[in-house]
Number of protein chains: 2
Amino acid sequence: MDPNPIGFQKHDHSHCVADAVAEADRTCQKAGLQLTPVRKRALEILLEEHRALGAYDVLARLAEDGFGSQPPVAYRALDFLTKNGFAHKIERLNAFIACAHPGDIHTPAFLICTTCDAVAEAETDPSHSLLNQIADTTGFRISRAVLEAEGTCPNCLANDQAKDPK
Amino acid sequence: MDPNPIGFQKHDHSHCVADAVAEADRTCQKAGLQLTPVRKRALEILLEEHRALGAYDVLARLAEDGFGSQPPVAYRALDFLTKNGFAHKIERLNAFIACAHPGDIHTPAFLICTTCDAVAEAETDPSHSLLNQIADTTGFRISRAVLEAEGTCPNCLANDQAKDPK
DNA sequence: GCCCGTCACGTAATAACATAACACACCAAA
DNA sequence: TTTGGTGTGTTATGTTATTACGTGACGGGC
Ligand SMILES: [Zn+2]
Ligand SMILES: [Zn+2]
Ligand SMILES: [Zn+2]
Ligand SMILES: [Zn+2]
């Protein structure tokens with residue numbers, strides 16, 4: 001199991017955490033949002049993994065660092081991050097992941113590997129997404145979409161074939 | 001709030017419950033599946049509403065009818081129904097809804113009205129769904145997809161306009 | 001200075017959702 | 001008759017999420 005799969009590819013990870021936090025800092029400055037210590041730490045915690053973390057996982061790490069140890073501490077931080085586009089909730093997993101493309105308004109699609117637990121965030125073309133088609137034909141006005149696919153990532157697919165090459 | 005919105009349109013509902021149960025009966029016959037009393041009743045309960053019901057809602061109704069009153073009773077019945085295509089779980093709501101198109105293998109998309117809580121099940125074209133496009137370009141193999149949109153249904157949209165016609 | 005609104009944070013308690021583990025009944029095959 | 005599978009029921013527990021309440025920090029009127 002690859003501990004480091006972003007979009008299922010390897011990369012220099014120590015940089016990307018720091019970079020993402022720095023960018024979040026800037027974005028919050030501009031938008032008048034407060035990236036407070038708990039919130040920043042929560043974002044770091046999410047960024048340290050390329051998989052989804054449960055709220056209680058995040059909470060435990062926050063508590064280790066001297067922050068509050070009760071559920072609302074984590075839920076509030078995660079709420080801030082998701083509301084402002086720095087993180088997403090993966091509904092299928094009841095878990096949270098840092099946004100891979102923060103800043104832009106986007107409708108992400110997630111690819112969840114059930115073998116290695118990696119989660120990749122894919123961009124969708126908002127103009128001809130299938131949900132918009134549905135919305136157009138039914139007259140339903142979409143405010144938020146959940147697009148999540150479970151399956152096997154390319155890495156795990158390759159591993160499977162290596163072991164069992166039929 | 002319309003108590004009866006299937007695909008957000010009105011229809012004769014007493015019939016459609018009975019019909020759907022009858023068809024589930026036939027399907028189970030053919031497939032060698034046991035549509036036992038709890039399972040059948042759970043399906044009826046879901047069919048009686050065109051919205052998603054929590055497992056504990058279903059459980060309470062089952063208990064009223066003399067079935068077991070502990071969570072596994074509901075979860076097992078719902079598990080049977082979802083595994084065999086008679087119902088779906090709405091991940092966004094942690095709740096369950098009867099399948100509107102049972103029988104066929106399909107990748108449903110759900111439209112969840114946040115005003116009246118109605119949930120409609122839309123069919124998707126499996127061949128050019130956006131998730132397949134993503135899968136093709138990334139090499140990810142999808143086994144299951146979650147497609148859920150939150151927003152406002154046509155009925156509620158009309159009501160809003162009637163009240164506040166800007 | 002003080003008052004007050006808002007916001008973030010902390011905590012306790014509880015609600016809501018879900019599963020593990022075990023016992024018993026039933027039925028059909030060996 | 002025994003055995004194995006499947007379904008149901010129960011107790012207990014685990015996991016995820018929210019409600020309710022209190023405190024401190026900050027900023028704008030007065
Ligand atoms: Zn990274
Ligand atoms: Zn994988
Ligand atoms: Zn109906
Ligand atoms: Zn509605």
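All values below come from the heavy atoms of this structure, side chains included, with hydrogens, waters and symmetry mates left out. This one's a predicted model, so the numbers in the text were calculated from it and none came from an experiment. Naming: A, B, ... by sequence-line order, numbering from 1 per chain.
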Peer 1: Is the side chain of A/Glu148 donor-acceptor paired with the backbone N or O of A/Glu91 at a distance under 3.5 Å, no angle test?
Peer 2: yes
Peer 1: Between B/Glu44 and B/Arg41, does any side-chain N to carboxylate O distance fall below 4.0 Å?
Peer 2: yes
Peer 1: Starting at atom CZ of A/Phe96, determine the distance to atom P of D/dT16, rounded to an integer number of angstrom.
Peer 2: 10 Å
Peer 1: Could you work out which one of C/dA8, D/dG7, D/dA17 sits closest to the side chain of A/Ala55?
Peer 2: D/dA17
Peer 1: Would you mind reading off the distance between B/Asp65 atom CG and D/dT8 atom C1', rounded to a whole angstrom?
Peer 2: 16 Å
Peer 1: Round to a whole Å and report the spacing from CD of B/Glu91 to C1' of C/dA18.
Peer 2: 12 Å
Peer 1: Can you measure A/Arg39 atom CZ to C/dC9 atom P for me and round it to whole angstrom units?
Peer 2: 5 Å
Peer 1: Select from A/Tyr56 and A/Phe80 the residue whose nearest nucleotide in DNA chain C is closer to the 5' end of that strand.
Peer 2: A/Phe80
Peer 1: Whole angstrom is fine here: how far is it from CG in B/Leu33 over to C1' in D/dG5?
Peer 2: 15 Å
Peer 1: Return the nearest nucleotide to the side chain of A/Val38; candidates are C/dT11, C/dG10, C/dA18.
Peer 2: C/dG10
Peer 1: Rounding to a whole Å, what distance do you find between B/Asp57:CG and C/dA15:C1'?
Peer 2: 13 Å
Peer 1: May I ask you to evaluate whether A/Gln70 reaches the phosphate of C/dA12, defined as a side-chain N or O under 4.0 Å from OP1 or OP2?
Peer 2: yes
Peer 1: May I ask you to verify if any side-chain N or O of B/Gln34 is less than 4.0 angstrom from the OP1 or OP2 atom of D/dG7?
Peer 2: yes
Peer 1: Return yes if some donor-acceptor pair links the side-chain N/O of B/Thr124 with the main-chain N/O of B/Ala109 below 3.5 Å, else return no.
Peer 2: no
Peer 1: For A/His88, does its backbone N or O pair with a side-chain atom of A/Thr82 as donor and acceptor, under 3.5 Å?
Peer 2: no
Peer 1: Go through C/dA20, D/dA20, C/dA18 for me and flag the one nearest to the A/Arg76 side chain.
Peer 2: D/dA20
Peer 1: Looking at D/dA17, D/dT11, C/dA18, which one has an atom nearest to any side-chain atom of A/Pro71?
Peer 2: D/dA17
Peer 1: Please check this pair: side chain of A/His101 against backbone of A/Ala122, looking for a donor-acceptor N/O pair closer than 3.5 Å.
Peer 2: no
Peer 1: Given that A/Gly66 and B/Lys89 both sit by DNA chain C, which one's nearest nucleotide is further toward the 5' end?
Peer 2: A/Gly66
Peer 1: Could you state the CZ-C1' distance from A/Arg41 to C/dC9, rounded to the nearest angstrom?
Peer 2: 18 Å
Peer 1: Expressed as a whole number of angstroms, how long is the span from B/Phe67:CZ to D/dG7:P?
Peer 2: 15 Å
Peer 1: Which nucleotide in the set D/dT10, C/dC17, D/dT19 lies at the smallest distance from any side-chain heavy atom of B/Tyr75?
Peer 2: C/dC17
Peer 1: Measuring to OP1 and OP2 of D/dA17, would you say a side-chain N or O of A/Asn94 lies under 4.0 angstrom away?
Peer 2: yes
Peer 1: Hey, does the side chain of A/Ser69 come within less than 4.0 Å of C/dG10's phosphate (OP1/OP2), counting only N and O?
Peer 2: no
